[in-house]
Asker: 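Dropping the structure in here first, questions after.
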Amino acid sequence: MATELTWLGHGTWLITTGNHRILLDPFLDESPTAPIKADQVEVDTILVSHGHFDHVADLVSIARRTGATVVSCFEICEWVAKQGIEKTEPMNLGGGIDLPFGRVTMTVAHHSSGLPDGTYGGNAGGFHLAVDDGTIYFACDTALFSDMQQIGAGGLDLAVVPIGDRFTMGPADAVQAIKLLKPRLAAPAHYNTWPPIQQDAAAWAERIRAETDSEPVVVEPGGKIGL
Ligand code: NI
Ligand code: MN
């Protein structure tokens, strides 16, 4: 089965590949733009980029109900383990692990990562996924950084970058990010959740089309992207 991504609003994505279902940064019940609620999610793996509430709000409840394996930095895995989540795959920046659906590498992100209860969340990261039919890079919450060129050097089918500004890079830096990453497809995330990160994704897509060789893919929350 071909790999497909569904944008669940903000930084939350559902990735289906083969018969695997992977959730990135679960933020659903409190998200103004999420098309589904946390209790509607069925997944086997949950990837977590960093500890901010808008990335972990529904992490423990979904992991507990589904029995999904939590893949994140060491500190966040410890935090969920203390809440009774037994299946974790702790890792850290630059490290990769082989999972049933493919290889996951935690990439550098320039951001912070305190957990909602004040626990130290380690370093914020992004994720590179190598699955059967392609490669995907989720920048997650980050500023622009020139090493994105290295992340893209092996070839990317899809790069997902934040465009919201204020807490992450904004649209202009996200265009530069795509110039460095050189993916086949480029998708925006982490915008239009609340007024402070309102952005014109269509205008961003126009710049991607005009200034890069990547194809922009902009979907509404609930919309799907095929690799
Ligand atoms: Ni954040
Ligand atoms: Mn965020």
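Read the numbers this way: they start at 1 and go in the same order the structure lists the ligands and their atoms.
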Asker: Just to the nearest 10 degrees, tell me the angle at the Mn ion (ligand 2) spanned by H55 NE2 and D54 OD2.
Answerer: 90°
Asker: Report the atom name of the nearest N/O/S atom of D141 relative to the Ni ion (ligand 1).
Answerer: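 It is OD2 of D141.
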Asker: Using 30° and 60° as the class boundaries, would you call the ring planes of H190 and H10 parallel, tilted or perpendicular?
Answerer: tilted
Asker: Check D25, N123, D141 against H50 for a side-chain hydrogen bond (donor to acceptor under 3.5 Å, both in side chains) and give me the one that passes.
Answerer: D141
Asker: Would you call L8 and L23 a side-chain contact if the rule is heavy atoms closer than 4.5 Å?
Answerer: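 Contact flag for L8/L23 side chains = yes.
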Asker: When you compare the side chain of L158 with that of P183, does any pair of heavy atoms fall below 4.5 Å?
Answerer: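 Result no, sub-4.5 Å side-chain heavy-atom pair not found.
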Asker: Name the orientation class of the two ring planes belonging to W194 and F53 (parallel below 30°, tilted from 30 to 60°, perpendicular beyond 60°).
Answerer: tilted
Asker: Which atom, among the N/O/S set of D141, is closest to the Mn ion (ligand 2)?
Answerer: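 Closest to the Mn ion (ligand 2) among those atoms: OD2.
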Asker: Does this structure show an ion pair linking R21 with D44, if we count only N-O contacts that are shorter than 4.0 Å?
Answerer: no
Asker: Near the Ni ion (ligand 1), is there an N/O/S atom from D54 that is less than 2.8 Å away?
Answerer: no
Asker: Which atom, counting only N, O or S, brings H52 closest to the Ni ion (ligand 1)?
Answerer: ND1
Asker: For the Mn ion (ligand 2), decide whether H190 has an N, O or S atom at a distance under 2.8 Å.
Answerer: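 It does: H190 brings an N, O or S atom closer than 2.8 Å to the Mn ion (ligand 2).
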Asker: Restricting to N, O or S atoms, which atom of H50 is closest to the Ni ion (ligand 1)?
Answerer: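 For H50, the N, O or S atom at the smallest distance from the Ni ion (ligand 1) is NE2.
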